[in-house]
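Let me begin by presenting the structure, written as C-alpha cells, before commenting on it.
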Amino acid sequence: MADEAVAEPASQKPQKPQSPREPQGSRSPDAPPRGGERGGERGGDRGDEQAQGEADAHDGPEAGDDEAAERAKERERAADRIKDLTRDPLAEEDGEDGPTDLAAAARARRAGRKLLTSGRDFTSFDRSRIGHAHIGDINVSLDARRSGVAMRGGPVPEEELRRLRRAHVEPAGYVRLRRALESRRLLVLGGAPGTGRTSTALALLDEVTRDGAGDGGRVRRVDPHQGEGVRGLVGEVNGGEGGERRGTGYLLELALDRPGTLPPDEMDLDQLASTLTEGDAYAVVVVSVGSAANPLLAGRYGMVCPPAPSQELVTVRLCERLEEARDHESLEHAARLAEDPEVIEAVGLDDLRPAEAELLASLLAEHLLGSLTREELLSGCRSIAAVQAHEWFAGVDRALAAPSSGDRRTPVRSATAALFHPVAFRIALAVLGGGSHSAVSAAAHLLTWELSVQSDPDSTPSRPLFCDDPESDRALSRARSDDGAIDVAGTEVTGQLIFYRGSALPAAVLAEIWDRHFPVRAPVVRWLRLLADDPRPQVSVRAAVAAGELSVRDFEYGFGELVRPLAEASSPRRRVFAATALDQVAGHASHRKAVRKVVDDWSRYGTASLRWTAAMTLGHGRAADSVDAALDALARIGVRDEGRQLAVASLNVVRLLTLPECATVLRRLGQWAEHRREEYQDLALVTIVRLATTGVDEVLDDEPGTPLGDRGDWPLLLALAVTRPELTGTLADLLWTALNTARSRDVAFDALEALLRSASRGERGEGGERGERGERGEGREGGDRMRPGLAALLPALTSDEHDRQQLEWLLRRMMRDQDRPLTTEQASALWRLAVPARQRRSDEEESHG
C-alpha cells in the first residue's frame, strides 16, 4: 500500500452505515441506501431521484432540471465505463470486439509447462561428468554420430558376429524379415537411425549365410561412398577384383538424405536380385525412413524394421555386464533398479534404442558394482536424451558445403529445405509437443523456411508439395500420435495429437540447439515471433513457454531478442507471449529475482505497453515477492492515467484469487472499495464483476485433481464459495457492494443472472462479459453440480428484506425473458436456495401479521 494515495481525514470520509454488512466507505455517493424502496427497474433509483429533486427545488426548476440531466448523463457515462472495463482486455485493440479463449490459453500453458519442466534439471547438466566416471566403454556412445556416414567397407569379423548372435534381441516380425530375405535374396530394410536396423540386418545375413564358404568373409559391409550404390554392389557380388564370392551376405547402408542423392530404381534392384541368385548370395540394403525411401519400401523388396523391445534389451545387456557376479540377487536388484521411478524419470524416454539400452545397462551395472554413485548414475541417465539430441543436430548442414559432382567448386543447394525439414520438425515438436499434428507440421515448415534462408540468403528455398510423410516424421523424431482434445473456437474437438516418445526429449532438443549451435538462434527467434502472432493458444502460448525456457539458458539474449521487443508490441497477443515467457523464467529460482526486478520497474516507470505486460506477468503469481506486492503493483498500474489499464489489472487480480492467499486478495478488494479515489473504487468494482463472470478454467494453473481444478467448468465465484467456505461472507459482501453501487449495478446484475442460470439450466455465459463471448452450455448435470455454490453464496447475499426484493425482481425479469425464459419451477428452486425455509416462514408470518 506504500504507493497508494494517502487517505483523507476521517471527518471527510463517508460514515459507516448501520448495516453490519456494508463496509465503511464501500459505497460511492451514487450508491442507494441499503433497504430503500425499489423504484423503476432497480431498487433505490427512486430514492436517489427524490432526494436530488428536493435539493434542486431550492435552485429553481430550470437550474434543477439542467443539473439533474447532467448528473444523469454522468451516471450513464460512469455505468458505460464500468461496462467497458469488464470486457475482455486481451481482445485486439483495433476496434474489433472479438473474444479470446482464456481457458484454451490456460490449458496450453499448463501443457507447455508440463512438457518442458518435468522435474529434470537439464539447465545444469554437465555432459562431461559421465565421461570422467571410468565405466568401461560406455563413453563410446556419448558423442556418437550417424553410423552410416563413417561406415567402411570390408568383411565383418567372426568375433563380431558371435557377439551379435549372443546379444541380439529379435524385434517383432523378425522371422518374417528372414523369410523375405531367403526367398528374394534381396531386402531393402527401412528404419530410423539408432533403432537397431543395422544389427538386425547383420543378424539376418549371419543366419542365411552360415553354410556359405565366403573366401573373403561370410558377411561383408559395402562402403556406401565407393562405387555407385546398388549398381556398384552388382559388381561387388560378381567378384570385382577378387573373383566371384559365392554364399556371401552383403550389407549396404544408403544415405538418401544427402542433397543430390537419388534412390535406386526398381530395375536396379531387380538386376541386383538376379545377380545375387546367380551367385547364391544375399544382400540387405539399409535406408532411413523418409520421403526419399518411400518408393523403395513400398516396392517388392522393401520392409520396415521394427525396433527391438526396450526391456529385453536392457535385461540382456545387464546379464552381460553382471556375468562375473553369477548370482540371481544381483540380477534381481538390477531389475528393481531399472524400474526405480527416479531412474525412469531421469532417463525420460518411453523406449530405448540398442545403443541407449547398452549405455543404461552399463550405468546400472557399474552402480551395483560400486563404481558409480547414485548421483552419477542419475546424471548418466539424463545424458541419454542429451546424446540423442546431439546426434540429431550435429553436422546436419555439413553436406551443403560439399562440392558438387561437376566442377567440385559449386556448393549443392538444391535440396536445402528437404535437408532441414526433419531438423525443423524436431524443434517444432519440442516447442509444440502435445498439440495437433497439423499445428506442429505447419510450424515445422515455417522453421524450415527460416533455416534455409539463414543458411543460403541468396537463394529462395523450394520444397516439393507432396513429399511429406507423417509416418517418417514420427519415426525420424521418435514421436507418437494419439487422438485427443483440441481447442477450436472456444470448444473442444477430437483431433490427432503428437508427442515425443519421452519427457526428456523436448528439453534436450531446446538445450542442444540453444547451447551448441549459436547460428541457429537467429532463425529460431524469428520463427518464435511468427508463432507469437498465431491466434491459436495451443501454438502461441506453448511457444511462449518454450521462449521462457530458452531465455533461462541465456537470459541476456532471450530478454533482448524475445521478451523485451514483444513486451513493447502494439498487439496484445505479443504482449501476452512476453508475459508468459517472463513467468516461465520466474519459475526458475536462479532467475526469479531478475524477473521481479524487471516487472517492478515496468510497473513503475515503463511505457503503457510495458505496464500492460507487467500486469499480465503479475497475474501468474511468481513475478513479485508476495501477493501483497503483486496487488500493490497491479493497483499502481490500474489507477494510473485515469484507469486506462484498469481492465487488464482487474483481470490479473482475479487470476491471483486462485492462489492459496485468496483471503489476502479479497481483503485488498475491500480496501479498494473503501478508498477515497474513484479509480481504486472502480478497480474493486470491475474486479468483483469480473470474478463473477470468469470461469475457473480461464485462470487456473492447477491440473485436475485439486479442489478448484475439479471445478474447471464452474464460475470462479461459486467455486471459491464451495472450496473456501470461510470466505463466503466476504465474497457475498463484495458482490453486494457491486450490486448496490449505481455505476456497476447493471453489469453486476447481469453477472448475478449468469450465475443463477449456471445452476438453473447449466448454462454459463448469458449477459455481461460471458454473454458477449457467447453461450457456453455445460449441460444439466453441470448445472446441478454448481448448485452447492449458489446454496452457499445466495443466503449470505440476501440476508435482509431489501436484498430478497432485489433477487425476486431479478428472478421475475428472467422469467419474462423472451429468448430464454426461466420456468416457474426453476425460479422457485433458486428462491429456495437463496431463502432458507426458516426465513421463508418468518417472512410469511410478518406478512400475515
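This one's a predicted model, so the numbers in the text were calculated from it and none came from an experiment.
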About how many Å separate [atom2] of [Y] and [atom1] of [X], when rounded to the nearest 0.5 Å?
{"X": "S650", "Y": "I637", "atom1": "OG", "atom2": "CD1", "result": "12.0 Å"}
{"X": "T448", "Y": "E450", "atom1": "OG1", "atom2": "CD", "result": "10.0 Å"}
{"X": "R542", "Y": "R110", "atom1": "CZ", "atom2": "CZ", "result": "11.0 Å"}
{"X": "E342", "Y": "L378", "atom1": "CD", "atom2": "CG", "result": "5.0 Å"}
{"X": "W514", "Y": "R553", "atom1": "CH2", "atom2": "CZ", "result": "11.0 Å"}
{"X": "S383", "Y": "H390", "atom1": "OG", "atom2": "NE2", "result": "12.0 Å"}

May I ask you to establish whether R521 and Y557 are in a cation-pi arrangement, using a distance under 6.0 Å from NZ or CZ to the six-membered ring centre and at most 45° from the ring axis?
->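 Yes, R521 lies over the aromatic ring of Y557.
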
Within 45° of the six-membered ring axis of F559 and under 6.0 Å from that ring's centre, is NZ or CZ of R564 located there?
->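 Not flagged: R564 not positioned over aromatic ring of F559.
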
Report the C-alpha distance between N652 and L618 in whole Å, list the side-chain angles of each, state the deciding distance to 0.1 Å, and finish with yes or no for side chain to side chain contact (heavy atoms under 4.5 Å, CB included).
-> CA-CA 7 Å; N652 288 282; L618 289 163; 5.6 Å; no

Any donor-acceptor pair under 3.5 Å linking the side chain of [X] with the backbone of [Y]?
{"X": "R575", "Y": "L566", "answer": "no"}
{"X": "R611", "Y": "G606", "answer": "yes"}
{"X": "R426", "Y": "L476", "answer": "yes"}
{"X": "E549", "Y": "A507", "answer": "no"}
{"X": "H437", "Y": "Q496", "answer": "no"}
{"X": "R622", "Y": "R592", "answer": "no"}
{"X": "R690", "Y": "R87", "answer": "yes"}
{"X": "S379", "Y": "E376", "answer": "no"}
{"X": "Q538", "Y": "S436", "answer": "yes"}
{"X": "R655", "Y": "M616", "answer": "yes"}

Return the minimal non-hydrogen interatomic distance between [X] and [Y], and the atom names on each side.
{"X": "G621", "Y": "L656", "value": "CA-CD2, 3.9 Å"}
{"X": "D534", "Y": "R573", "value": "O-CD, 3.2 Å"}
{"X": "L451", "Y": "F420", "value": "O-CE1, 3.8 Å"}
{"X": "T613", "Y": "A579", "value": "O-CB, 3.7 Å"}
{"X": "G548", "Y": "V585", "value": "O-CG2, 3.3 Å"}
{"X": "A424", "Y": "A444", "value": "CB-O, 3.4 Å"}

Heavy-atom check, side chain of [X] versus side chain of [Y], under 4.5 Å:
{"X": "V563", "Y": "S551", "result": "yes"}
{"X": "F499", "Y": "D350", "result": "no"}
{"X": "L646", "Y": "V639", "result": "no"}
{"X": "W392", "Y": "Q388", "result": "yes"}
{"X": "L510", "Y": "L550", "result": "yes"}
{"X": "T664", "Y": "R668", "result": "no"}
{"X": "V627", "Y": "L631", "result": "yes"}
{"X": "V525", "Y": "R529", "result": "yes"}

Step by step, work out the salt bridge (charged side-chain N to carboxylate O under 4.0 Å, His left out) result for E391 and R478.
-> CA-CA 13 Å; E391 292 177 1; R478 300 185 73 162; over 6 Å; no

D600 and its side chain to side chain donor-acceptor pair (under 3.5 Å) partner, picked from R604, R596, K597 =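 Single pass found, and it is R604.
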
Name the orientation class of the two ring planes belonging to H421 and F425 (parallel below 30°, tilted from 30 to 60°, perpendicular beyond 60°).
->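 The arrangement is tilted - the two ring planes meet at 30° to 60°.
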
Give the ring-plane orientation class for Y680 versus W672, where under 30° counts as parallel, over 60° as perpendicular and anything between as tilted.
->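 Tilted.
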
Side chain to side chain contact (heavy atoms under 4.5 Å, CB included) between F393 and V520, worked out = CA-CA 11 Å; F393 297 100; V520 175; over 6 Å; no

Within 6.0 Å of CZ in R501, more than 12 heavy atoms from elsewhere |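 Buried by this count: over 12 neighbours within 6.0 Å.
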
L530 and R526: side chain to side chain contact (heavy atoms under 4.5 Å, CB included), yes or no, with the steps?
-> CA-CA 6 Å; L530 290 175; R526 293 195 299 269; 5.8 Å; no

